[in-house]
Every structure is written in structure tokens, then in C-alpha cells.
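Keep in mind that the numbers below use all heavy atoms, side chains included, and drop hydrogens, waters and symmetry copies. Below, read A as the first sequence line, B as the second, and so on, with proteins coming before strands; counting in each chain starts at 1.
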2 protein chains.
Amino acid sequence: MSDFFVQKLRHGASLSEDDERALRALCMNVDKFDPQNDVTMEGDKPKSIKLVLEGWACRYKLLENGKRQIISLFLPGDMCEPYMTLPQFMDHSLGTLTPVTVARVSPEVIKAVARERPQIEKALWWDLLLAMAMGRESIVTLGRRSASERLGHLFCELHVRLDKVGLVDGLGYEMPLTQSNLGDLLGMSTVHVNRSLQELRAAGLVTMHGRRVTILNLEGLRSTSLFDPTYLQSYTQA
Amino acid sequence: MSDFFVQKLRHGASLSEDDERALRALCMNVDKFDPQNDVTMEGDKPKSIKLVLEGWACRYKLLENGKRQIISLFLPGDMCEPYMTLPQFMDHSLGTLTPVTVARVSPEVIKAVARERPQIEKALWWDLLLAMAMGRESIVTLGRRSASERLGHLFCELHVRLDKVGLVDGLGYEMPLTQSNLGDLLGMSTVHVNRSLQELRAAGLVTMHGRRVTILNLEGLRSTSLFDPTYLQSYTQA
DNA sequence: CGGTTGCTTGAGATCCATCAATAGGAGTGG
DNA sequence: CCACTCCTATTGATGGATCTCAAGCAACCG
């Protein structure tokens, strides 16, 4: 069974057996999507909170000039919206990158669960605050990091995030994004993604082949990419 | 009296007289800061939520290579942290850009007020969700907009935000950022900020002189900057 | 006044985007 | 199994956007 959501939230609060059961009970209403599909489109009025149970998805916007920016990645266990309030209409789209299993959760139900179970409320807040911290770091990345630093930083962040849900094995992890996806995520062209990946490879830091990232030198990668994991930890209790 | 906070939150929920009094009562504990000073530094353990009553401030990070990225601007009435949980330590700094008056609010007090007054809770959530939407738009700006589009988009966003707190007059508004500040905010060099401003001026769209922005052609500015205000409205009730 | 800060301009270097073409790999149908 | 197609990855060449360095200028301030 795919338990990534519970596994992730355990990092945000200590959950009892009952808490975990309550969380799993939220994930009954499940949909499956093909890769490169929209779960929700800009302008839609959402009726449920989406939870990624399996696969990779993203939040993105399209500009009038045709350019696309991926705003954030959703990995297994990630929630696509804050639990409290849904927008009147979406100002962005949610799309899949791989085959994805999504749970639709009613905001009323999740609010009720959060009210009854303080540890769940705490964990949901932790998740939200972590997402905000990652958003802030994205701004720094796009504003001030070079192309290869952006890639290296992303691989470091994914390493930490995937580790939280048990999806890191040994030297690396499955990473199903195409170079074109990486371009949309990191604000660069596909061609330049390719060349920057070659730089990282030549420096003996990381390789990306097939759908897999292999980290050859984690410390080196972190320092050359200016990766400081502080932002992923500042809301986690000691 | 500086009432920007209440004025802003009115856009997020309809507040009663009592609600507004309760909000004002939160702002008793006030500090003043000089321009270009830190209110809170990265690594600090914060004990209070900061509320900008007057002046402009920002959230920023410094990279190891000395570069600075401003992550978000705080205008009068803006809250610097979500009301629910403070981090164990700051992953970024809060700094002033002008002389700033800050209210320090204890999270316990604000949580209590939110629990007793549902409209306040709603307004605080609205504020948080709006801040997140602005953060998403920043990512799009930094990832996919050209230098002059970034500037134009910023001026459009500020026009909307300042209008919400009554700080727009006629053709423009006070805008105390230096060109160096704009560079740190928009991920570009000071020199290039200067040249891009000249482009906007030459196109008859906007001018920036002294501490003032004057919008010469709002529709033109919005369309050339790819500014779509949707993201600032999607959580506002009809 | 002299010092400081912010703005402006020029020149040259660098990074990255764009365009265009090729190559590889996976899936499909005959 | 082969031919075909599609998608992704790769490479080269060129131009444009932006950065860096350096210098001059303007406004403000004690």
C-alpha cells in the first residue's frame, strides 16, 4: 500500500496509531492520471484538495508568450493545496509528470479531522510551512544561482525530500523528469539543461541517465551548488 | 493612526467593529527600525510574529558567494510570518528598506484571537494564501520573464497591493526601493535595472524618479509585462 | 565643502537562448 | 524481425541578454 502521505507527515508531528488511521481514511477517493495530463487547470473552481499518493506531479503556469514555468514539484505524499481554504478559482494548473494516483479530499472532512486531532493539525501546518520554505528557496535559486548550481541544488533537495518518504536507495533515486521538464522547472532552455548536466557529470558530482539520478559526490555537490538544507529543517522539532 | 493592517485584512473577510478592535489591540508592542537594518537575522530563534505597520521591509537570503536575493516585500499592513507556528530558527532574514515600524505579536495571543473570532481567522488565512500566491508569481517572474517584464510586472503588482491599503494616489505611488534593491528583488544587476527602466520609460509605460513610480500607461504596462492580476484575486470572495 | 550614496553610461566578457540538425531508444504495426 | 514514428537527448553555430568592471555625475548631508 502506498503510505507516502503518512510517512511524510510523521516528520512533522508524532502521530498515534489512531492519527495515522484517520489520515489513511482521508485517502479513499482515488483517481489515476496519465503522464503529462492536467489534474486541475487554471481557472477551474476546485472542489477538493488533491493529494499525490504515487507518481510525480507539478504546479505550473503558462505565460501568454507560450513559456511555461513549473512552480513546484509534488512527490509521493505531497499535498497540492493548504487544507483550510480552497481558492475561488485556480490561478495555476496542476499537471502530472508521470502516471499519478491522486486522492481527492474534501476540505470539510480534513478540517474536521484536524480540529479533532491536534497532532494532525500540527503535521498539516508543518507540511504547509515546509512547502513555503521550499518556495522561498526556489526564488533564491531562480534569482541568483547559475544553471549548473540550479540543477545541483535541485538534486540535493530531491535527495532530502525523497529520503523522507523512503524513495532514496543507495547512491541515488528515480527521477522521472525529462530535460525539458527540468528546463521549465529551473527557468532555462532544454539545450542548456543538457549542457549543464554534462558539466556536473564532468565534475564527478552527479549523473542522470534514464530515469535515475546517481549522486557521485554528495558533499561536493552540496558545496558547489550552494545547497544549505537549513530551509528544509527550520520547522522540524528537535 | 496607522491602520494599514486592518485596512488590508478587510479585503480578506468582513470584519465587525469588535473584530477590528481586536486586531488593533494586537499591535501594542511596537518597535522602530532604521533603513537597511535587520529586524531578524537568519539563524535567530524568533519569539514573536512581526507585523509591518509603517514603511517597507523585506525577506531575504544571502548566498555564500555574497549574492543577495530579496524573496518578498513587506508593505504597510503585511505580516512577516504565518500566525500559527514560528520556526525553530529563521532560514532567512527580515530587513528594512525604509524606516519601519514593526509590531511584535505573540503567536499565542494571535492564535487565541483567531480561535474566538472566525472572521479574523478567515482574514489571516486569506492573507497567508495571498502571500503564497505572490510567491508563486515571483517564481514565474524570475524563471520566465525578461528584465523589463520583471520590472513592469513588479510595478503592476505594487499598484494593486498599495491600492488595497490606500497608498496609491492618482498616477502612481511612493516606491522607496533603490535600483540596487530592485536588482536584489528581481534577480538582476543594478546596471541592468537602470537600463531596463530606461526602456520602460522610452516606451512611455512607466517612470521612476526620486522615490516615486508614475504609471503612464497602465494597460500598456500590464500587457507588455504579461501581468495578469488573477493571482491576487483567486482567494477573495465575490 | 568633502564624503557618501545612488544613478548613469560605456566597453567588453559571459552566460544562456535560439535555431537547426543528428542520434538514440521505446513503442507500434506490418 | 523490420520499418516507421515519436520522443528525448545531444551537438554545433550564432546572436542576444545580461553581467562585470570602471568611470563620471548628481543629490544630499553633516
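Note on ring orientation: taking the six-membered ring where Trp is involved, the planes of Tyr173(B) and His159(B) are tilted (angle from 30° to 60°).
Looking at Arg212(B) and Asp169(B), a side-chain N of the basic residue comes within less than 4.0 Å of a carboxylate O on the acidic one, giving a salt bridge. A salt bridge is defined here as a Lys NZ or Arg NE, NH1 or NH2 lying under 4.0 Å from an Asp or Glu carboxylate O, and Asp184(B) with Lys67(B) fails to meet this definition.
Following rounding to the nearest Å, Leu97(A) (CG) and dC7(D) (P) show an atom-to-atom distance of 16 Å. Distance, Leu177(A) CG to dT8(D) P: 12 Å, rounded to whole Å. Atom CD of Glu199(B) and atom P of dT18(D) are 8 Å apart (whole Å). To the nearest angstrom, P of dT10(D) lies 8 Å from CG of Leu197(A). Remark: C1' of dT8(D) and CZ of Arg212(A) are 20 Å apart, rounded to the nearest angstrom. One interatomic measurement links the two molecules: CD of Gln179(B) to P of dC25(D), which rounds to 18 Å at whole-angstrom precision. Straight-line distance from the NE2 atom of His192(B) to the P atom of dT9(C): 15 Å, rounded to whole Å. Atom-to-atom, CG of Leu151(A) to P of dC16(C) comes out at 10 Å; the value is rounded to the nearest Å.
If you check dT10(D), dG12(D), dG10(C) against the side chain of Arg195(A), the one that comes closest is dG12(D). The side chain of Ser189(B) approaches dT20(D) more closely than any other nucleotide in the set dC16(C), dA9(D), dT20(D). Nearest nucleotide to the Val191(A) side chain, out of dA22(D), dA9(D), dT18(C): dT18(C). Here the nucleotide nearest the side chain of Thr178(B), chosen from dC7(C), dC16(C), dT11(D), is dC7(C).
With hydrogens and angles left out, the side-chain atoms of Arg201(B) and Thr207(B) include no donor and acceptor closer than 3.5 Å.
Within 4.0 Å (heavy atoms only), Gly187(A) reaches sugar-phosphate atoms of the nucleic acid but no base atom. If you check every strand for non-hydrogen atoms under 4.0 Å, Gly183(A) touches nothing. Backbone-only engagement by Ser146(A) is indicated by non-hydrogen atom pairs under 4.0 Å involving sugar-phosphate atoms exclusively.
In this structure, Asn194(B) reaches the dT8(C) phosphate: one of its side-chain N or O atoms is under 4.0 Å from OP1 or OP2. Between dT8(C) and Gln198(B), no contact under 4.0 Å exists linking OP1 or OP2 to a side-chain N or O.
Taking the centre and axis of the six-membered ring of Phe227(B), the NZ or CZ atom of Arg222(B) falls outside the cone set by 45° and 6.0 Å.
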